[in-house]
Amino acid sequence: MITVRADEVAPRPWANGGGRTRELIAGPRGGHWRWRWRLSLAELEADGPFSSLPGVWRWLALVEGDAVELEFDDRVLALQPGDPPLEFDGALAPHCRMHGGRARALNLMLRDLHGCLALERGTAPLQALYEPATRTLFWDLDDTPAAPAGIWVGIEPGELRWR
């Protein structure tokens, strides 16, 4: 099992200046894309658009802070910590509106793979658990941790191992 503590990962600014991200784990590296799958902790700091990521499927779970609204062309969705993760096409680039101060969101992005973020453990072969209380990711789980409280990550077979 791999343990990644978000507070030990250096944040990088977003291209649009609306926040920062901490890449917790990603793979495989190299080839046409920088990654085929990526799990990060986004630090939402200001209103603004998400980046458009054609060919990427995204899941977003608000894990800390104040509520946000994501405005898509056809709908507006409110999210707060504890809500089920939101799944959407990365090409859509919703506008994010902050309701208060800052927020943090767990962000899973996949290219040509299947997976999900969920409030309960799933059946995918590769499982991970993000614990918001400790900002810790437990990756490649063989057994359920003693305190399974958090957001579950599941990715279906493919080139998934961390590199």
Side-chain angles (χ1 to χ4, degrees), residues 1-6 9-16 18-44 48-64 68-75 77 79-96 103-132 135-142 144-145 148 150-163:
M1 177 171 56
I2 297 165
T3 303
V4 180
R5 289 176 175 68
V9 177
R12 290 183 295 170
W14 293 351
N16 68 8
R20 301 179 301 165
T21 193
R22 296 170 190 262
E23 184 177 280
L24 303 177
I25 196 162
R29 304 246 183 230
H32 181 67
W33 299 304
R34 285 186 350 159
W35 46 261
R36 192 160 172 223
W37 55 270
R38 177 178 180 220
L39 185 67
S40 61
L41 185 64
E43 299 174 5
L44 310 172
F50 277 34
S51 297
S52 176
L53 299 170
V56 174
W57 203 252
R58 295 180 74 158
W59 285 261
L60 187 79
L62 211 58
V63 294
E64 292 180 50
V68 301
E69 282 185 353
L70 295 182
E71 183 178 342
F72 294 86
D73 287 341
D74 61 344
R75 67 192 187 280
L77 299 172
L79 292 173
Q80 58 187 359
D83 283 351
L86 173 65
E87 175 183 1
F88 62 98
D89 182 343
L92 297 180
H95 184 85
C96 180
R104 285 195 169 108
L106 193 63
N107 186 31
L108 174 65
M109 296 185 280
L110 301 174
R111 287 187 171 102
D112 301 320
L113 290 172
H114 298 286
C116 70
L117 292 182
L119 298 178
E120 296 180 9
R121 186 173 185 142
T123 59
L126 190 60
Q127 294 284 318
L129 177 69
Y130 177 79
E131 289 184 345
R135 294 189 189 131
T136 302
L137 175 70
F138 299 97
W139 184 256
D140 204 8
L141 297 175
D142 292 326
T144 303
I151 305 295
W152 286 95
V153 182
I155 302 178
E156 294 296 331
E159 297 180 55
L160 300 175
R161 296 293 173 205
W162 183 28
R163 294 184 185 180

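The basis for the numbers below is simple: all heavy atoms, side chains too, and nothing from hydrogens, waters or symmetry mates. Please read these numbers as outputs of a predicted model, since none were measured by experiment. We number each residue from 1, following the sequence as shown.
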Nearest 0.5 Å, what's the [atom1]-[atom2] distance between [X] and [Y]?
| X | Y | atom1 | atom2 | result |
| --- | --- | --- | --- | --- |
| R5 | T136 | CZ | OG1 | 5.0 Å |
| R38 | E23 | CZ | CD | 4.5 Å |
| L41 | E64 | CG | CD | 6.5 Å |
| T3 | F138 | OG1 | CZ | 5.5 Å |
| L117 | R58 | CG | CZ | 11.0 Å |

Heavy-atom pair of closest approach, residues [X] and [Y]:
| X | Y | value |
| --- | --- | --- |
| P54 | A91 | CA-CB, 3.8 Å |
| P85 | A118 | CG-N, 3.9 Å |
| L79 | P84 | CD2-O, 4.4 Å |
| A103 | L62 | CB-CD1, 3.9 Å |

Q. Between F72 and D89, does a side-chain contact (heavy atoms from CB on, under 4.5 Å) hold up when you go through it step by step?
A. CA-CA 11 Å; F72 294 86; D89 182 343; over 6 Å; no
**Q.** Working for side-chain contact (heavy atoms from CB on, under 4.5 Å), residues R111 and W35
**A.** CA-CA 8 Å; R111 287 187 171 102; W35 46 261; 3.3 Å; yes
Q: Check step by step if side-chain contact (heavy atoms from CB on, under 4.5 Å) holds for L92 and F50.
A: CA-CA 9 Å; L92 297 180; F50 277 34; over 6 Å; no
With heavy-atom distances below 4.5 Å as the criterion, would you say the side chains of [X] and [Y] are in contact?
| X | Y | value |
| --- | --- | --- |
| L119 | I151 | yes |
| W59 | L110 | yes |
| H95 | P49 | yes |

Side chain [X], main chain [Y], donor-acceptor under 3.5 Å:
| X | Y | value |
| --- | --- | --- |
| W14 | R20 | yes |
| S40 | R22 | no |
| R36 | D112 | yes |

Q. Per the side-chain contact (heavy atoms from CB on, under 4.5 Å) rule, which among V4, L39, V63 passes with Y130?
A.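 One option only clears the test, and that one is V63.
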Q | Verdict with supporting geometry, L70 and L60, side-chain contact (heavy atoms from CB on, under 4.5 Å) | A | CA-CA 11 Å; L70 295 182; L60 187 79; 3.6 Å; yes
